[in-house]
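Bear in mind the structure is a predicted one, so any value in this text is a computation, not a measurement. Quick note on labels: first sequence line is chain A, next is B, and so on, each numbered from 1.
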Amino acid sequence: MAHDSLYAQPEAPAERAEAHAWWRTALTRWDTVIVVVLAAVVVVASLSIDGFASTGNAQFLLLDVVPIALIALPLTLIIITGEIDLSVASTLGLCSAVMGQLWLTGLPLEVIVVLVVLLGGLLGAVNGVFVTRFGLPALAVTIGTLAAYRGLAYVVLGDRAVADFPYDWTAASLSTVAGGSLPWAMVMVLLLACAFGVVLHVTPFGRKLYAMGNNAEAASFAGVSVATAKFWLFVTSGAVSGLAGVFWTLRFASARADNAFALELAVVAAVLLGGVSIFGGRGALLGVLAGVLLLGTVRNALQLADVSSEALYVVTGSLLVASVVVPNVVGMARSWLRRRRRAAPA
Amino acid sequence: GGTTRGSENGGGEPAASTGTANPDAPLKEGLSVAFLPKQINNPYFTVAGGGGEDAVAEFNGEYKEVGPSEASASSQVSYINTLTQQQTDVIATSANDPNAICGALNTARQSGAKVVTFDSDTNPECRDVFISQATAEGIAHVQVEMIAEQIGGKGKIAVLSATPNATNQNEWIELMKEELEKQEYSDIDLVTVAYGDDDDQKSFQETQGLLRSYPDLKGIVSPTTVGLAAAARYLSGSQYQGKVALTGLGTPNQMRQFVKDGTVEKFALWKPSDLGYLAAYAGAALASGQITGEQGQTFEAGKLGEYTIGENGVIVLGPPTVFEKSNIDEFDF
Amino acid sequence: MASDATPLLEVRDVTKSFGAVAAVRGVSFGLFGGEAHALVGENGAGKSTIVKMLAGVHQPDTGAIVIDGTAVSLGGPAEAQAAGIAVIYQEPTLFPDLSVAENIFMGRQPRGRFGRIDHAAMKTATERLFDRLGVRIDPDRPARGLSIADQQLVEIAKALSTDARILVMDEPTAALSGVEVERLFAVARTLCAQGAAVLFISHRFDEVFSLCQRVTVMRDGAWVSTDPVADLTVDTLVRYMVGRDVSALFPKEDVEPGDVVLEVDGLSRHGVFERVGFSVRHGEIVALAGLVGAGRSEVVRAVFGIDRYDEGEVRVNGERLSNGSPRAAMAAGLALVPEDRRQQGLVMELSIERNATLTRLGKLTRLGVLTGRGERSAAGDWADRLRVKYGRLSDAVSTLSGGNQQKVVLAKWLATAPTVLIVDEPTRGIDVGTKAEVHRLLSGLAAQGVAIVMVSSELPEVLGMADRVLVMHEGRITAELGRDAATEEAVMLAATGQEAAA
Amino acid sequence: MKTGAPVAEGQQATPTAEPAKTNGRTRFVQRLWVVREIGIAAALGLLVLVTAIDSPGFLSAPSIRDVLLGASILVILAVGQTVVIVSRNIDLSVGSVLGLVAFATGKLFLAAPGTPIVLAILAGIGLGAVCGAINGALVATARVPALVITLGMLYVYRGVDHLWAKGQQINAADMPAGFLSMGTSTLLGVPVLAFIALAVVLVAGMYLHSYRSGRELYAIGSEPNAARLSGIPVGRRVFGAFVVCGGMAGLAGALYAARFGTIDATVGTGLELEVVAAAVVGGVAIFGGSGSVYGAALGALLLTTIGTSLAVLRIDPFWQQAVVGGLILAAIGLDRLLALRVANRLKGRSSHGA
Ligand SMILES: Nc1ncnc2c1ncn2[C@@H]1O[C@H](COP(=O)(O)OP(=O)(O)OP(=O)(O)O)[C@@H](O)[C@H]1O
Ligand SMILES: Nc1ncnc2c1ncn2[C@@H]1O[C@H](COP(=O)(O)OP(=O)(O)OP(=O)(O)O)[C@@H](O)[C@H]1O
Ligand SMILES: [Mg+2]
Ligand SMILES: [Mg+2]
């Protein structure tokens with residue numbers, strides 16, 4: 001109940017019922033809205049910005065969004081259950097550092113990759129234990145592990161950067177399908193997205209995530225094991241962040257403790273832009289993918305148009321604010337109009 | 001060090017030296033020159049970029065400066081990719097990570113761009129030339145010389161560096177240690193290296209920590225502008241002012257006050273604007289075919305005169321300038 | 001005592017709808033200074049909605065609230081307070097992190113110099129209030145963890161502290177024992193004597209008759225009558241309220257009970273209930289009766305595994321059920337329709353079909369995947385069987401009326417085809433017609449051999465539906481009455497603990 | 001180590017549960033509220049002790065002065081953040097607001113070198129309050145979650161800062177000496193900044209404890225629906241909390257300019273999570289309703305002292321952040337433990353007479 005909406009009006013339920021009816025359709029539509037906006041941005045940019053529509057640029061754009069897209073997948077599920085994981089970027093950094101350190105010890109990379117992903121899962125499990133067993137707020141816990149994991153990354157690798165990963169691997173991280181513009185890494189993201197999408201949208205587990213995000217008590221009355229589900233989501237989030245760490249390290253051929261520093265807020269922003277409610281219970285994976293791509297595309301297009309990186313900040317922030325304010329204000333305006341209409345004949 | 005980083009996705013080895021150099025080729029007009037600093041809005045790079053802009057204006061090119069707001073290699077990669085798409089002729093960059101931006105730079109070179117690194121190098125196989133602000137030896141030498149002079153050639157000193165993985169600083173510190181091995185410095189004892197992460201508050205705290213844990217410290221060397229300014233501010237407000245010597249690398253504007261109030265006697269730095277100026281000319285020379293980056297080639301760099309490419313494609317700007325009370329007011333950067 | 005003067009407060013032809021639900025339809029009555037006025041009606045009759053309009057929480061769609069002869073518009077709770085109206089809401093609205101004293105004086109704290117809150121004065125004032133009510137609650141303790149009864153007392157103290165001219169109390173006594181009720185009435189009578197008007201809502205007729213001078217009856221949102229209490233008997237009041245013969249509402253079919261399915265043995269959850277034991281047979285409806293707070297809900301929650309119990313055991317068909325696992329209970333064929341449908345029964349923002357299928361998603365999958373069609377047909381099936389009125393199955397369940405929401409909760413659990421169905425207050429907030437439907441449904445299920453445990457605070461429902469009645473008082477079963485022995489008096493006596501266990 | 005004292009006390013104070021013992025229990029409960037702060041203070045003391053044993057100079061006057069100086073700005077930010085968090089909101093934009101105001105202060109002195117210091121600080125507070133008002137207006141009127149809004153505004157304010165600065169750096173030489181000396185000078189051996197922070201803590205502490213609108217913030221955070229039913233103007237109060245938080249960030253920004261003298265557009269980047277961490281370590285419940293500015297201030301002091309101590313102890317700099325993270329986890333875990341204990345002691349005990 002920590003999440004009951006603060007600003008629902010006193011005459012709540014009925015008004016809310018209407019608002020919700022609207023909200024639901026709006027939000028099922030928010031996916032569409034954001035996909036349409038994305039398409040529009042792509043079309044406009046292709047027509048007006050030199051070099052945007054080239055194969056090479058598409059490849060770079062997609063490569064750039066891979067880590068955020070990867071991490072956003074499990075984070076979407078976590079936020080839908082009403083929790084949050086801010087430690088993802090630090091998990092990525094620690095996994096990258098450990099990957100470098102293990103490479104120095106001479107282990108084969110195949111083994112290292114598996115170990116690193118497992119390590120990510122373990123780090124996620126720590127978050128999960130704190131949140132589900134000790135009942136601590138996820139925001140506070142993951143701020144703590146955000147600092148702790150990044151710190152441990154420095155402890156592991158210190159000031160060193162490990163860079164001599166084999167060419168085959170680093171090249172593979174950049175390679176594209178049939179030499180076109182679709183990186184294999186993006187294919188991996190899309191496959192994972194399909195898997196997460198299936199789990200979220202058409203399995204009993206996914207249904208239960210929405211239920212517990214909206215009303216954990218009612219979910220547990222219906223026999224849903226809320227704590228267990230959340231725990232495994234944190235584990236998944238950690239493991240996928242570990243995988244993102246592997247990609248990051250190979251793509252930049254550089255394992256460093258400060259990799260992906262401060263990426264967490266960008267990921268959260270992308271997820272929220274995709275229409276996922278920070279209070280849980282609402283959102284869809286398609287919207288999140290579109291949100292991630294929208295941020296990446298806008299960034300890329302503005303860069304090509306020589307818009308300064310400062311303006312990018314303003315654009316990102318405004319998009320985020322607009323994504324929550326606009327639907328709400330429209331909803332409030334509608335119900336106000338409806339009330340006026342109802343009152344008028346009386 | 002890496003073994004294979006230089007290679008880029010699928011494509012063969014970048015053409016490090018295409019064709020032969022023609023020292024007499026005229027500088028092309030209308031060259032597009034992009035400066036990509038470690039971080040945009042960083043005053044040091046703003047000044048360097050200003051030098052570059054002047055140079056580009058002199059040879060009638062198109063200048064622009066792009067870059068990330070935060071000093072990260074991954075964002076630099078994305079900007080390099082953008083510049084590649086824009087078919088920029090010359091990319092002058094200062095690397096946040098010697099390895100991470102390598103691939104992107106080589107892709108840019110394959111599509112025809114000339115890459116000049118300045119201030120902070122990448123691996124040599126990823127760029128055409130590197131403009132070094134001074135030789136690392138020169139920087140190490142001048143700093144050791146300054147601190148030795150200020151503490152009377154005797155006593156404990158410490159180094160306050162930038163981040164623990166800053167390439168430049170680490171190289172200089174290594175060379176300073178070698179320099180200190182010399183007989184004339186045998187009474188000087190380098191006790192520790194602290195890291196202020198190029199963060200003002202952290203550097204401030206680290207300075208304070210140094211003085212707490214080594215009460216008999218005689219001097220501090222801070223080979224980074226942020227660290228030097230923060231340390232100076234700490235000393236100027238403490239009882240150590242004038243008792244503990246401080247020197248290193250800093251900008252005159254930041255240090256003016258501390259030189260005048262006696263906290264700092266002298267410090268050094270190259271002129272960042274000259275660094276940018278030279279980088280722009282080197283890029284233009286590369287793009288015009290005057291040079292290819294081979295050792296021994298020479299080119300004319302406007303008002304700075306003639307430069308010769310050294311080993312590994314390194315071009316050295318010159319000895320650092322030492323700033324002290326008598327000359328500091330002549331500089332504004 | 002009834003005066004012919006202008007009423008202190010008058011509700012004049014007010015109407016209030018929530019979406020499609022007309023909660024209040026053209027209700028008028030007046031509150032006179034020096035009088036206590038009762039408002040009675042079935043669940044969902046619209047009483048609390050009237051209260052919320054007086055409190056400024058809701059604004060009437062039409063009609064007006066008139067104070068001292070002038071129509072006022074109460075835009076919010078603050079304005080109602082300023083107009084001299086103090087309200088005790090049906091559900092306690094306390095701040096769990098703040099102290100009891102602060103809860104009482106929030107927004108009206110006594111102030112000392114520089115406008116600073118005088119904490120000591122606030123504490124003394126709180127103690128004085130509690131003295132008047134004859135209770136001892138530590139003013140400095142946080143409100144978190146107070147029992148429902150104590151929470152209700154704090155609410156009462158809060159309302160008294162305002163020295164309001166109009167005191168509105170929505171079921172203030174629901175959680176209180178006789179002693180506290182008497183103290184409360186004494187205070188209320190004093191206030192009346194000082195010229196204040198009191199609006200009192202209760203489902204207990206003895207209280208209505210002992211405190212009030214006048215009573216207004218509501219049915220399905222509409223005004224039925226306003227009469228002096230002296231002119232009425234309980235029977236006439238009930239007839240006004242329900243509008244027809246009560247017993248006709250409960251068409252319990254006679255069923256020959258089968259074998260024992262559910263056995264509860266010596267179940268204890270310390271401090272909540274002690275050594276509760278009973279058994280239920282196939283086809284039998286066993287009612288758990290008692291006053292609010294007797295611990296009935298806690299018992300059924302523990303049986304179903306929502307809460308863990310400390311001692312005892314639960315057996316289904318002779319198999320012991322593991323403690324604290326709703327999943328195990330569901331696997332054994334149990335179903336629990338919880339008392340609070342908004343909090344516990346439904347996920348309000350999800351669609352009707354998502355809610356209806358939440359309990360048996362696993363069975364609706366094909367190759368582990370839910371195809372929308374299977375869910376929709378399963379949900380639609382049940383919605384039709386229970387005659388739920390809905391627009392589309394994909395509408396949020398929050399858009400349904402309360403009765404239809406309750407049907408969705410029932411659908412959700414009936415769909416699991418339980419052998420033991422536990423229903424906690426199955427007809428709370430359900431309108432008269434629907435209530436009969438629910439009763440017919442329960443009765444029909446029993447006829448099919450389902451064992452039913454029914455917790456209900458409505459005595460007529462208990463008497464009409466149950467084969468056997470277990471009466472609880474303060475966490476213990478105090479009587480077990482067969483259908484014939486279960487009379488209103490017998491149940492009430494056992495429920496108030498005035499009679500040794502039968 | 002932090003739990004030791006309260007538990008022992010608790011056992012003494014609650015041997016029975018009879019209403020007659022109410023007084024003893026009252027004291028116990030009151031103590032428990034205080035204890036949250038005592039726990040942090042004890043941790044702080046322990047840290048100082050360990051550091052001082054290793055390096056006695058740590059307890060010298062100048063050293064303490066340095067610690068206080070270092071903590072002042074974070075304390076002020078944490079106080080503002082606490083005001084918002086108790087009302088069940090959060091402000092992630094404080095780092096950006098601080099940066100923006102610091103730069104604006106520098107610009108002010110560049111444009112009008114003669115500006116009186118007090119005026120400059122007031123201008124800083126004003127600008128911060130405007131930023132806070134924008135956050136508050138969006139949160140309270142558009143009724144959207146504070147976390148999303150302030151995350152968005154974090155980017156917006158930072159972007160505005162960068163756009164304005166365009167790579168410019170403002171140096172000590174550009175600001176009046178009097179202003180800069182305020183950043184480092186001392187009064188009776190205590191830094192002026194620390195006095196300002198102390199004043200802020202005391203004023204905010206008194207406001208939250210002793211004024212109606214302050215208590216209403218706790219009420220809102222504790223149970224928003226009940227707050228509305230009690231007639232508390234929820235929207236207005238939340239708006240006010242954001243304005244206060246913004247104003248504090250503004251004050252901190254102006255003081256930052258005075259203290260560091262070198263300002264560019266990156267000032268304060270990433271500070272928001274540190275501020276939230278300080279509040280959380282200080283026992284402020286992230287979902288509102290409880291916690292005090294004193295706790296938050298101690299939390300900020302503790303985090304800063306850790307930074308300084310680890311530097312003084314010459315602990316491997318790479319360990320520092322890991323230690324900070326571990327400490328945050330320990331602190332919230334401890335807070336939870338205490339809350340559970342309180343709940344257990346109060347559970348199942350009817351406190352009114354029969
Ligand atoms: N906020 C709301 N939104 C939608 N419907 C509502 C709302 N509040 C009340 N209702 C509906 O209005 C009707 C009257 O409800 P109200 O709470 O006034 O009943 P009541 O007479 O107080 O019942 P009880 O005796 O159970 O307290 C019910 O059908 C209820 O479901
Ligand atoms: N939140 C709570 N905190 C403390 N005690 C509680 C709480 N809720 C209920 N209780 C206590 O638990 C006991 C049983 O309450 P329960 O709700 O089970 O009663 P009930 O007979 O089911 O009443 P209802 O008709 O309201 O369902 C009562 O003594 C009540 O005071
Ligand atoms: Mg009611
Ligand atoms: Mg109950």
### Message
For a 4.5 angstrom cut-off between non-hydrogen side-chain atoms, does C/Pro77 reach D/Arg228?
### Response
no
### Task
Check for a donor-acceptor pair, side chain of D/Ser210 on one end and backbone N or O of C/Arg116 on the other, with a separation under 3.5 Å.
no
### Message
So which residue, D/Ser222, D/Gly231, D/Ala226, ends up with the most heavy-atom pairs under 4.5 Å with chain C?
### Response
D/Ser222
### Task
Write down the atom of D/Tyr211, the atom of C/Phe114, and the distance for their closest heavy-atom approach.
OH-O, 2.8 Å
### Task
Kindly give the heavy-atom pair with the smallest separation between C/Phe95 and D/Ser230, and that separation in Å.
CZ-OG, 3.6 Å
### Task
Provide the closest heavy-atom pair for C/Ile117 versus D/Arg215 in the form atom of the first, atom of the second, distance.
CD1-CG, 3.5 Å
#### Entry: C/Gln109, part contacting chain D, at a heavy-atom distance under 4.5 Å
both
#### Entry: Heavy-atom pair with the smallest gap, counting every atom of C/Gln81 and D/Leu229
NE2-O, 4.4 Å
## Note on the structure
Tightest non-hydrogen contact, residues C/Gly107 and D/Glu216, listed as CA-OE2, 3.5 Å
### Task
Mind running side-chain contact (heavy atoms from CB on, under 4.5 Å) on C/Met106 and D/Ile232 for me, showing each step along the way?
CA-CA 9 Å; C/Met106 180 54 65; D/Ile232 295 173; 3.7 Å; yes
